[in-house]
Amino acid sequence: DEIMTPVGDYALIFLYVGLLSFLCSRVMMASWIIIGQSTGSKIKEQYAKALLRQEIEWFDRSNPNELITQISEDCNCIQEAVGEKIGSFIMTISTFLTGIIIGFIEGWQISLILLAGIPFLVASSIFSLVIIQRSRKGLTILQLKYLLVCLTKAGQWNRWIHLKIW
């Protein structure tokens with residue numbers, strides 16, 4: 001009982017801190033999303049006013065379908081950047097800095113040792129971002145031909161078609 005009482009108290013403290021952190025992060029993200037939506041609406045309004053001030057010849061040279069699509073995409077990108085991305089960035093940086101500060105207050109020796117590993121974490125993050133960006137581009141024609149030859153030689157082609165992975 002002597003050990004279980006403090007453990008239970010610490011578990012409740014962690015639970016309360018976790019719930020408070022969850023609540024605060026949700027409120028922050030909702031606030032940034034609202035700010036992003038209002039910014040996107042203001043930009044759309046200003047863009048519409050700027051379009052109405054254009055000369056008639058400008059509309060003759062522009063494709064209306066492309067114009068509407070471009071306006072929508074640009075405003076959505078701005079809205080997304082101002083909303084969720086800034087909120088996530090602020091939350092990530094503040095969590096990182098708070099963790100470092102608390103770590104140095106509680107045990108500066110171990111924090112200093114762990115701080116030496118940060119360049120490796122940054123390098124692995126950059127490496128994974130490069131991999132993700134390259135994979136988003138999709139397979140090149142040469143890679144597809146190579147995959148087709150390998151699957152045909154291995155007798156796996158029918159199974160890929162059957163599983164609808166291809």
Side-chain angles (χ1 to χ4, degrees), residues 6-54 58 62-144 146-147 160 163-166:
V7 170
D9 292 341
Y10 283 122
L12 283 175
I13 290 171
F14 275 108
L15 178 70
Y16 295 145
V17 168
L19 289 174
L20 182 66
S21 175
F22 176 77
L23 181 68
C24 289
S25 67
R26 294 298 163 226
V27 167
M28 186 221 30
M29 289 304 285
S31 300
W32 278 105
I33 289 172
I34 290 169
I35 289 170
Q37 288 175 346
S38 67
T39 303
S41 297
K42 288 177 185 175
I43 289 173
K44 285 179 186 176
E45 183 180 317
Q46 290 174 357
Y47 205 87
K49 287 179 183 177
L51 282 176
L52 292 175
R53 288 192 299 260
Q54 297 297 322
W58 186 83
S62 301
N63 185 354
N65 294 332
E66 289 177 6
L67 183 64
I68 291 170
T69 304
Q70 189 65 35
I71 293 169
S72 178
E73 287 177 0
D74 291 344
C75 289
N76 286 339
C77 282
I78 292 170
Q79 184 175 341
E80 202 175 282
V82 170
E84 295 178 28
K85 304 235 181 201
I86 289 179
S88 294
F89 178 75
I90 290 172
M91 188 170 67
T92 303
I93 294 297
S94 64
T95 302
F96 175 74
L97 292 176
T98 303
I100 286 182
I101 290 169
I102 291 173
F104 273 106
I105 289 171
E106 293 298 320
W108 67 271
Q109 294 95 348
I110 192 76
S111 297
L112 200 58
I113 292 170
L114 292 175
L115 200 60
I118 288 180
F120 298 109
L121 291 174
V122 170
S124 66
S125 297
I126 290 171
F127 180 73
S128 64
L129 284 175
V130 168
I131 297 277
I132 289 170
Q133 286 178 352
R134 287 189 181 174
S135 68
R136 283 186 184 165
K137 292 178 183 175
L139 296 173
T140 63
I141 300 297
L142 184 60
Q143 289 170 330
L144 286 174
Y146 179 73
L147 182 62
W160 269 52
L163 294 175
K164 298 180 183 178
I165 295 174
W166 184 253

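Note that this is a predicted model, so its numbers are computed, not measured. Side-chain atoms are counted along with the backbone in the values below, which use heavy atoms only and exclude waters and symmetry mates.
The shortest distance between side-chain heavy atoms of M29 and S88 falls below 4.5 Å. Put simply, the side chain of I118 reaches to within 4.5 Å of the side chain of F96, judged on heavy atoms. Side-chain atoms of T95 and I100, non-hydrogen and from C-beta on, never get closer than 4.5 Å to each other. With a 4.5 Å cut-off on side-chain heavy atoms, I113 and Q109 do not count as touching.
Annotation: the span from F120 atom CZ to S125 atom OG amounts to 13.5 Å, rounded to 0.5 Å. Rounding to the nearest 0.5 Å places CG of L97 at 6.5 Å from CD1 of I93. T39 OG1 to I86 CD1: the interatomic distance, rounded to the nearest 0.5 Å, is 8.5 Å. To the nearest 0.5 Å, the span separating CD1 on I110 from CG on L115 amounts to 11.5 Å. Between the CZ atom in R26 and the OG atom in S21 there is a gap of 9.5 Å [rounded to 0.5 Å]. One distance of note links CD1 of I33 with OG of S38; it measures 12.0 Å at 0.5 Å rounding.
The two residues G107 and S111 come nearest to each other via the heavy atoms O-OG, 3.0 Å. Across every non-hydrogen atom of S25 and F22, the tightest pair is OG-O, 2.9 Å.
At distances below 3.5 Å, at least one donor-acceptor pair connects side-chain atoms of S31 with backbone N or O atoms of V27.
Remark: F104 CZ is packed, more than 12 non-hydrogen atoms of other residues, nucleotides or ligands lying under 6.0 Å away.
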